[in-house]
Amino acid sequence: MCHRRKRATDYSGNTYLGLQLGTLRLRAVIVDSEMKVQHTATVNYDVDLPEFETSGGILTDTHPDEGLANPVMWVKALDMLLNCLSAQGADLHSVAAIAGAAQQHGCVFWSDIGLRRLCNLNAILRLHEQLNANAFELTRTPVWLDGSASAQAFEMQQEVGGSNDMAAITGSRAYARCTGPQIRKVYQECPEHYERTSRISLVSSSSPRCWWAAWAPSTSAMGPGMNLLDIHNREWSEKCLAACAPDLARRLMKPIDPSRLQGRVADYYVKRWNFRPDCMVVPAIGIAHSRFVGMLLEKDLLVLTMDIGDGLMVHLGKVHRKMDEGQVLCHPTIPNEYMGLLFFRNGSEIRQAFCEQLADGDWERFNAMLDATPMGNDGHLAMHFPDREFIPDAKGTLRWSSNLNPTSQEALHGVQQFERPETEARALIEGQLMHHRAVAQDLGFQFGPNTTVVVAGPDSKHRGILQIVADVFNAPVYEKLGPGPCLLGCAYRARYAFYEHREATCSCRRCHKSQTPQQSFGEFFSKLPKDLNLVASPRPGCAEVYAPLIVRCMNMCQLLAASTSIHDSHMVLT
């Protein structure tokens, strides 16, 4: 019997669940069939799960260059999140599909016990009572902030043939935070744990595994962030696997397309939480991917995230020849196209530090200081990398006054500080944003008259900063309304999966005659309001002001990178 005769009636009661497993918190949104938000919930690890002793979602007893978390914390957070949704009165039985997103890097090492328990979850017990520490070979697992695998990244890169060869295969040179080097470090330093590990999953694929209660392979959209996937054929690179660790392909399993279904929700959730048995589970993707999806703008889009670490996500279309900076990723919703992902370590913490120093922590005063200075800051520039930056590989601070000759000896050290605090404030923000723009352009993003910038993250609320974003990028700047573009991106993917795999595939005669050609993701949501609010527009003359300053900024970055490299060489010799 066909169930599509009254499509609106058949599916109008459906809801769709999006989950975001971030560094700081686990969040959820439930939307109805019209994509209107019905329920939201959040579990903050530091506040709601104090027993795991985290700060910013990271274990507090780690070394300075480490970023580790306990996967049991994420499991317990999921149980608490479902409790919260249920307490709000959410009808979980109406959820037709679930899709998620998680931090871009980081991995989970599963034990044999964990895999067996996944397949035999008991609905009487809470999730974390079954997927406890015994389910994981490591309960101190690396996340995207972990920078302790730099030696392993170098080794992998050399084994493959160098940074250019690594980038040509995987879309980026080897980074310490990428999952491949992290796995190699575990193999080298904890060989017994690696040997006992049955499966290794990205943080993103560990979440749908809990829902599906079976092995959840990584997606081809997430694979490039591992330095292990060949982005051209979207299969694991044998050369990169061999450079990482032995018998790795078996532990990872074959990557799948992000549009494929993972399966149906596990019986555990049907019995314990009253989910419907045919609820579909969609593979999870990265948070940055999902933010991009949540904008519903597939072309000419640049997403700027201003958080602990700043991030840029851009549409590239095809692979650009220059891939030695940032990462080229497979597009999650457009087949055979690519995106560029850029992470910058020095973000909100340095901005907050300057706000404290210059304006006693008063952001209104700090924004007023930005407004009181002209575009281009009269030529005064500053690059601040208190933490070792990813792109370029540099650490330190450099200030140039407007009349400083970049080829002079003075350029190596710059000036100690600027005379006015207002100049210092603008130099910080302009330096960060010009640096971000230059790196995006080097990666292959084409700035033009149709470029749209959408901002996200905690610091995107500061209007003084947003005006500088508009001027530096010479593009209108928007904010996404609603619960957040990442969560919405998850919900949109869940909704589209239901359409693609359920609504658009009915083969009965009546429905077949009335069916229109299957729509792409962009076409399906083309009539949905973008819910973008304009927050800043570029001012006249901004392109002429910033074009020469961006060149000077990149010269400063090169000097800082060279200085960092010399310091490293000195440390090795001593």
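The structure presented is a predicted model; accordingly, all values stated were derived computationally and were not measured. The basis for the numbers below is simple: all heavy atoms, side chains too, and nothing from hydrogens, waters or symmetry mates.
- Closest approach of Pro332 and Ile285 over heavy atoms only: CB-CD1, 4.0 Å.
- Partners of Glu356 under the side chain to side chain donor-acceptor pair (under 3.5 Å) rule, at least two apart in sequence or in another chain, are Gln352.
- A donor atom on one side chain and an acceptor atom on the other are not found under 3.5 Å apart for Ser86 and Trp273.
- With Phe136 as the aromatic partner, Arg117 does not meet the cation-pi criteria of under 6.0 angstrom to the ring centre and within 45 degrees of the ring axis.
- Using modelled atom types and a 3.5 Å distance limit, the side chains of Thr15 and Ser94 yield a donor-acceptor pair.
- Other residues, nucleotides and ligands place no more than 12 heavy atoms under 6.0 Å from the CD1 atom of Ile124.
- Ion pairing between a basic and an acidic side chain is recognised when a charged N comes within 4.0 Å of a carboxylate O; Arg365 and Asp360 show such pairing.
- Annotation: Glu34, atom CD; neighbour count of heavy atoms from other residues, nucleotides and ligands within 6.0 Å does not exceed 12.
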Starting from the C-alpha separation in whole Å, work towards a yes-or-no answer on salt bridge (Lys or Arg N to Asp or Glu O under 4.0 Å) for Arg345 and Asp310.
-> CA-CA 7 Å; Arg345 184 184 291 274; Asp310 287 353; over 6 Å; no

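- One side chain, Asp146 or Ser148, offers a donor N or O that lies under 3.5 Å from an acceptor on the other.
- The shortest heavy-atom contact between His436 and Leu304 is CD2-CD1, 4.2 Å.
- Listed here is the closest heavy atom pair of Leu301 and Val454: CD1-CG2, 3.6 Å.
- If you look at Phe354 and Phe366, their ring centroids are not closer than 6.0 Å.
- Note on Lys461 versus Glu479: no salt bridge recorded, every NZ/NE/NH1/NH2 to OD/OE distance being 4.0 Å or above.
- Atoms CG and CE, from Leu78 and Met80 in turn, are 11.0 Å apart once rounded to the nearest 0.5 Å.
- The closest side-chain donor-acceptor pair between Gln432 and Arg351 falls under 3.5 angstrom.
- Checking His315 against Asp300 by side-chain atom types alone, no donor-acceptor pair falls below 3.5 Å.
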Could you please spell out the steps behind the ring pair (Phe, Tyr, Trp, His ring centres under 6.0 Å) verdict for Tyr11 and Phe498?
-> CA-CA 10 Å; Tyr11 303 125; Phe498 187 84; 5.2 Å; yes

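- One finds no salt bridge joining Asp371 and Arg463 here, because no Lys/Arg side-chain nitrogen approaches an Asp/Glu carboxylate oxygen to under 4.0 Å.
- Aromatic rings of Tyr496 and Tyr492 (six-membered ring for Trp) have centroids beyond the 6.0 Å cut-off, not under it.
- By the 6.0 Å contact criterion, NZ on Lys530 is enclosed, its count of non-hydrogen atoms from other residues, nucleotides or ligands being greater than 12.
- There is no side-chain donor-acceptor pair under 3.5 Å between Arg495 and Asn14.
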Apply the test side chain to side chain contact (heavy atoms under 4.5 Å, CB included) to residues Leu17 and Phe275: give CA-CA distance (whole Å), side-chain angles for both, the deciding distance (0.1 Å), then the verdict.
-> CA-CA 11 Å; Leu17 173 61; Phe275 278 87; 4.3 Å; yes

Apply salt bridge (Lys or Arg N to Asp or Glu O under 4.0 Å) to the pair Lys299 and Glu337, showing each step before the final yes or no.
-> CA-CA 11 Å; Lys299 306 287 184 180; Glu337 291 202 7; 3.3 Å; yes

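- One distance of note links CG of Leu68 with CZ of Arg140; it measures 5.5 Å at 0.5 Å rounding.
- Of the inter-residue distances, the one linking Asn474 atom CG with Ser537 atom OG reads 11.0 Å to the nearest 0.5 angstrom.
- Of the residues listed (Phe524, Tyr16, Phe525), the one engaging Tyr499 in a ring pair (Phe, Tyr, Trp, His ring centres under 6.0 Å) is Phe524, and it is the only one.
- Cation-pi geometry between Arg177 and Phe390 is satisfied (NZ or CZ under 6.0 Å from the ring centre, within 45° of the ring normal).
- When every heavy atom of Asn367 is checked against every heavy atom of Ile465, the shortest pair comes out as OD1-N, 3.6 Å.
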Criterion side chain to side chain contact (heavy atoms under 4.5 Å, CB included) on Arg272 and Asp79, from CA distance to verdict | CA-CA 11 Å; Arg272 186 173 178 87; Asp79 192 80; 4.2 Å; yes

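- Nearest heavy-atom pair across Leu81 and Ala28 is CD2-CB, 3.4 Å.
- Between the side chains of Asp46 and Thr54, a donor-acceptor pair is found at a separation under 3.5 Å.
- Ring geometry for Phe344 against His435 counts as perpendicular: the plane angle is over 60°, on a 0 to 90° scale with 30° as the lower cut.
- The local environment of CD in Gln88 is crowded, with over 12 non-hydrogen atoms from other residues, nucleotides or ligands closer than 6.0 Å.
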Is there a side chain to side chain contact (heavy atoms under 4.5 Å, CB included) between Arg437 and Phe447 once you walk through the steps?
-> CA-CA 9 Å; Arg437 173 180 170 139; Phe447 287 88; 3.7 Å; yes

Tell me, with the steps shown, if Tyr175 and His105 meet side chain to side chain contact (heavy atoms under 4.5 Å, CB included).
-> CA-CA 11 Å; Tyr175 290 106; His105 306 288; over 6 Å; no

